[in-house]
Amino acid sequence: MTDDRFCDEHAKQEAKRYERYDRDPAVRKRYNRTWKRIRDRYITEHPLCERCEKQGRITPAEEVHHIKPLSCGGTNETSNLMSLCTSCHSEITAREGGRWKRKGRSKSL
């Protein structure tokens, strides 16, 4: 049983499958070793989910989110980054039509 989409074991398998088969190769190039260093530094400086904090909850951050996506001209500048828990990151990504959007469907759903 899990509160998330997948248990820990299957979440890792799904992430690996997504990286290999579904993620655009151009996107893969943007998330390289340099991004990992930026991400690690940012999450160290902002260890709590910034969205949960605004709602008065204390939740450890697990993801670093680009406020304006790189694909839309966003950058890795600190002002464009946000620490999020997995739940908040998944919700924002789904709403924006990111990773879990259905192929062939519009973002307005």
Side-chain angles (χ1 to χ4, degrees):
M1 299 291 289
T2 182
D3 292 328
D4 294 321
R5 188 168 182 214
F6 297 103
C7 67
D8 289 343
E9 179 184 344
H10 289 102
K12 288 176 187 175
Q13 290 175 2
E14 173 58 17
K16 194 177 210 179
R17 186 204 60 76
Y18 173 77
E19 285 295 324
R20 184 174 219 175
Y21 300 111
D22 290 343
R23 186 169 242 184
D24 181 350
V27 172
R28 252 185 274 153
K29 287 181 182 179
R30 291 189 284 254
Y31 293 99
N32 54 23
R33 221 176 309 181
T34 302
W35 164 245
K36 182 166 177 8
R37 277 189 238 118
I38 292 166
R39 180 216 177 275
D40 290 347
R41 183 176 55 240
Y42 189 85
I43 209 160
T44 298
E45 294 170 1
H46 303 89
L48 300 176
C49 175
E50 295 176 50
R51 194 166 175 230
C52 286
E53 274 189 302
K54 288 179 184 175
Q55 298 172 2
R57 296 188 315 252
I58 297 175
T59 311
E62 300 169 89
E63 311 276 348
V64 176
H65 175 70
H66 287 94
I67 297 166
K68 181 177 183 179
L70 295 175
S71 62
C72 297
T75 67
N76 287 328
E77 296 293 321
T78 302
S79 61
N80 190 45
L81 302 177
M82 184 178 197
S83 286
L84 297 172
C85 64
T86 301
S87 177
C88 287
H89 188 253
S90 296
E91 183 182 320
I92 290 171
T93 302
R95 185 178 63 237
E96 291 176 350
R99 181 172 171 175
W100 293 285
K101 76 176 180 182
R102 293 183 187 169
K103 295 180 180 178
R105 307 278 304 254
S106 69
K107 285 185 178 183
S108 61
L109 294 178

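Hydrogens, waters and symmetry mates are skipped; everything else that's a heavy atom, side chains included, is used. This chain uses plain numbering: 1 for the first residue, then up along the sequence. Bear in mind the structure is a predicted one, so any value in this text is a computation, not a measurement.
- Considering all non-hydrogen atoms of both residues, Glu50 and Tyr42 come closest at OE2-OH, 2.8 Å.
- Between the side chain of Asn80 and the backbone N or O of Gly74 there is no donor-acceptor pair closer than 3.5 Å.
- The nearest pair of heavy atoms linking Ser79 to Ile67 is O-CD1, 3.7 Å.
- A salt bridge (charged side-chain N to carboxylate O under 4.0 Å, His left out) check over residues 52-68, counting only residues at least two apart or in different chains, returns nothing.
- Residues Cys52 and Cys88 are in side-chain contact: their nearest non-hydrogen atoms beyond the backbone lie under 4.5 Å apart.
- Across all non-hydrogen atoms, the minimal contact from Ala61 to Leu48 is CB-C, 3.7 Å.
- Looking only at side-chain heavy atoms (C-beta outward), Glu96 and His65 come within less than 4.5 Å of each other.
- Using a 4.5 Å heavy-atom threshold, the side chains of Arg51 and Ile92 count as touching.
- The heavy-atom pair separating Leu81 from Asn76 by the smallest distance is CD1-O, 3.7 Å.
- Taken to the nearest 0.5 Å, the OG1 atom of Thr34 stands 15.0 Å off from the CZ atom of Arg39.
- Residues Pro47 and Thr44 approach most closely at CD-O, 3.8 Å, considering heavy atoms.
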